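Worksheet for the structure shown next.
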Protein chains: 2
Amino acid sequence: MNSSRPVTIKDIARRFRCSPSTVSRALNDHPAINEDTRKNIQEYAKEVGYQRNEVSLSLLNKKTASLGVVVPTISNYYETAVIEGLHTVLQPMGYTLNICVTNESYLLEKESLSKLLSNRTEGIFLSVSQETYDAGYYEHLESVIQRKTPLIFIDREYEDFETSRATVDDYHGAFAAVEHLISIGYKQIAHLKGPNGLTVSEQRFKGYINCLKKYNMPIREDLIINTNFKVESAILPTKRLLELASPPDAIFGVNDQVAIGAMRVAKDKGLRIPQDIGLVGFDNSPISAYTFPSLTTVHRPGRKIGMEASRLFLNQLNGSGDFAPESIVLPSELVIRESSLRI
Amino acid sequence: MNSSRPVTIKDIARRFRCSPSTVSRALNDHPAINEDTRKNIQEYAKEVGYQRNEVSLSLLNKKTASLGVVVPTISNYYETAVIEGLHTVLQPMGYTLNICVTNESYLLEKESLSKLLSNRTEGIFLSVSQETYDAGYYEHLESVIQRKTPLIFIDREYEDFETSRATVDDYHGAFAAVEHLISIGYKQIAHLKGPNGLTVSEQRFKGYINCLKKYNMPIREDLIINTNFKVESAILPTKRLLELASPPDAIFGVNDQVAIGAMRVAKDKGLRIPQDIGLVGFDNSPISAYTFPSLTTVHRPGRKIGMEASRLFLNQLNGSGDFAPESIVLPSELVIRESSLRI
DNA sequence: GAAATTTTTTCAAACGTTTGCATTCAATAT
DNA sequence: ATATTGAATGCAAACGTTTGAAAAAATTTC
């Protein structure tokens, strides 16, 4: 019976009539092991496909080399870019990434964290779910903190936690976007807002509002409509905007997806972009450069955020006892393309 | 000194002057434990934030409840949809997903698999890297097979392995796409092909070729150009196509990204879509429904593939000894939109 | 009040590996 | 021939948990 039980160090020891210690040392090139013994054991190990059981080592050394990544979703360009960034830095260092998707649910987030802790994950990257954020829950984070497991916030953060965080400067990105529209000469700028309560939504919204204020432009409640970040969630809101008695002459979308949805609706209505209506998105997703017209947007360095977050984690890990949390805020950058360039 | 060493069962045992066994049983509601003892221990455990060390359990039970997902990239809509599908089924069952990105590199793939096996992952979902596929390497899979760790191929497969696999019927999808273009009346259909050697590229290419053959249409080498799936890789090839003495009147892109790139170039050249040139993509990515004109494409059920792959894994896991690998081929489905509807 | 029974707790082994210390054995030095 | 050295290997504990079997304690029975 070709049992599939993995070969252990004991099996090898039995085969060579020696102790497990000897096998262990032989496999690890310990100098105190006889050259012949070493070679024989190594050869045999290779032959039978021995592979060290890392689980037992984890138990022994209390090192699992695994990290948790807890995010609301992975079906956006930005989120995957962040994960790629984490990966780029951490995979080469031997870390394994455990991805947990919360679907914006508090319960799933709580369970994910608990599971990660039980698995003795060595660090957790967390972008809190909307539900968590809305409700202001934070108890589930206490145990992470208490365990002193490094916890790095990504994008969505709690102000009152002593943890490191890596975020993009959404506020100034949004501000720059709106300022750009104003500088071109657009007068009635609408905003397709993201879900209420999320930092990213609110920061961009604040950027939008404050920029309008700065330039003494009226703030019209009817030009601000919610979306859920998805392209289809922009369709109806945009239609409503364009049917207003006094419709906007520009739209600032909370991300590229909704801006592209808006673009579609505007074109369907026969409006010319950017002549009749200006458009700006957020994210600088790959597609945004190739829409027609190409979409003015705000670049959001997802990969870089992932890499910076990794750095923050490593700092905390290697830091001496007097660890001080760091906050990294990466600048977002306006990318001007055709959809806003009315001349 | 507020040590962060996690509380163990032994700590609790010491506190209650009882044996670890009692604590273990108390925490697991074992019936043989005195009611008072149980309550006291459970209360105390909660108070000090005891959390079972799953690593030790993994060692004991040889069950890690973790699964490997090895993919070339996670920055495409399709790949993330697959992962979401896996997640949807497997996370509720208590599995943790270890995501490994290979960047199409054989070496990284090999290392990832080896790592997963060392970590005693209970199953592996693999979409082989292009390098692996090109070179026809397969030795690194032997150890997975030998360990009898369930291995499920996703999309890209090796014909000669006794493993389950879940793939999309790319061939017929491509065939249907081209047939549709022909039925509309397009005569010179170009193909923006994916990278050579990859199953998805080649299957779609084959569908394209065979469809042309079936309808006795000429196969023009100059209308077939390679891309790398990314939107920008479609720009130059499309330009070249459109500058031909006898340019195509339709383009079938290997995915939505390149089709959208082609759309952009065609529009820049002043061509009307679908009147002057028809366009079809592949994937049915969210954005494809909202381009202007909307993009005819072939739906590729990524989420479903992930869910089916999970099912295959579970079948293999629960199957009796006489496991027979299954092959699931999900149909792809033509989604007709504006970009090909010349009337 | 002793025997029988039931309830509750402890013991010990197991999972796979590493590692400080002890041991063995052979070779060299005296 | 004996003590000394050095090389090679073995022993045992440790990591945290579970679990069958044994032991101890409490309760019931006659």
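We name chains A, B, ... by the order of the sequence lines, and we start the count at 1 in each one. Computed from a predicted structure; not experimentally measured.
Within 4.0 Å of B:Asn61, counting heavy atoms only, lies no atom of the nucleic acid at all. Residue contacts shown for A:Arg17 are limited to sugar-phosphate atoms, with no base heavy atom under 4.0 Å away. Using a 4.0 Å heavy-atom distance criterion, A:Leu60 is classed as a base contact. Among the heavy atoms of the strands lying under 4.0 Å from A:Lys62 are primed sugar atoms or P, OP1, OP2 only; no base atom is included. Across all strands shown, B:Thr8 has heavy atoms under 4.0 Å from sugar-phosphate atoms exclusively, and none from any base. Within the nucleic acid shown, A:Ser58 has no heavy atom closer than 4.0 Å to any nucleic acid atom. In this structure, B:Phe16 reaches neither bases nor backbone, as no heavy-atom distance under 4.0 Å exists between it and the strands shown.
Comparing A:Ile9 and B:Cys18 against DNA chain C, the residue whose closest nucleotide sits nearer the 5' end is B:Cys18.
Distances shorter than 4.0 Å separate none of the side-chain N or O atoms of A:Lys10 from OP1 or OP2 on C:dA14. Checking the phosphate oxygens (OP1, OP2) of D:dT9, a side-chain nitrogen or oxygen of A:Thr37 falls inside 4.0 Å. Here A:Ser19 reaches the OP1 or OP2 of D:dG10: one of its side-chain N or O atoms lies under 4.0 Å away. Side-chain N/O atoms of B:Arg52 include one lying less than 4.0 angstrom from OP1 or OP2 on D:dT18. In this model, the phosphate group of C:dT18 is approached by a side-chain N or O of A:Asn28 to a distance below 4.0 Å at OP1 or OP2. Remark: A:Ser24 is not in phosphate contact with C:dT17, judged by side-chain N or O atoms under 4.0 Å from OP1 or OP2.
Closest approach to the A:Tyr50 side chain among D:dG16, D:dT9, C:dT17 is made by C:dT17 (side chain taken as heavy atoms from C-beta onward). Closest approach to the A:Asn34 side chain among C:dC15, C:dT17, D:dA8 is made by D:dA8 (side chain taken as heavy atoms from C-beta onward). For A:Ser21, the side-chain atoms get nearest to C:dT19 when compared with the rest of C:dT17, D:dT18, C:dT19. Closest approach to the A:Ala32 side chain among D:dT9, C:dT9, D:dG16 is made by D:dT9 (side chain taken as heavy atoms from C-beta onward).
Although no hydrogens or angles enter the test, the distance criterion places no donor-acceptor pair under 3.5 Å between the side chain of A:Thr121 and the main chain of A:Gly123. A donor-acceptor pair is defined here as one N or O able to donate and one able to accept, closer than 3.5 Å; no such pair exists between the side chain of A:Thr132 and the backbone of A:Val128. At least one donor-acceptor pair under 3.5 Å links the side chain of A:Glu122 to the backbone N or O of A:Ala65. For A:Ser58 (side chain) and A:Lys63 (main-chain N/O), a donor-acceptor pair under 3.5 Å exists by modelled atom type.
If you take CD1 of B:Ile12 and P of D:dG16, they are 12 Å apart, rounded to a whole angstrom. Atom CG in A:Asp11 sits roughly 13 Å away from atom C1' in C:dC15 (whole-Å rounding). In this structure, A:Arg38 atom CZ and D:dT9 atom P are separated by 12 Å, rounded to whole Å. Spacing between atom CG of A:Asn53 and atom P of C:dG16 amounts to 7 Å, rounded to whole angstrom units. Atom NE2 of A:His30 and atom C1' of D:dA8 are 11 Å apart (whole Å).
Taking 4.0 Å as the cut-off between side-chain N and carboxylate O, A:Lys46 and A:Glu43 do not count as a salt-bridged pair.
The only option from A:Ile83, A:Thr80, A:Thr88 that meets the side-chain contact (heavy atoms from CB on, under 4.5 Å) definition with A:Arg303 turns out to be A:Thr88.
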Quick one, A:Tyr138 with A:Tyr133, criterion ring-ring contact (aromatic ring centres under 6.0 Å, His included). Give me CA distance, side-chain angles, the key distance, then yes/no. CA-CA 9 Å; A:Tyr138 60 90; A:Tyr133 200 89; over 10 Å; no
Would you tabulate the pairs of protein nitrogen or oxygen atoms and nucleotide nitrogen or oxygen atoms of nucleotides 21-26 of chain C closer than 3.5 angstrom?
none

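Aromatic ring orientation, A:His140 versus A:Tyr106: perpendicular (interplanar angle above 60°, classes split at 30° and 60°).
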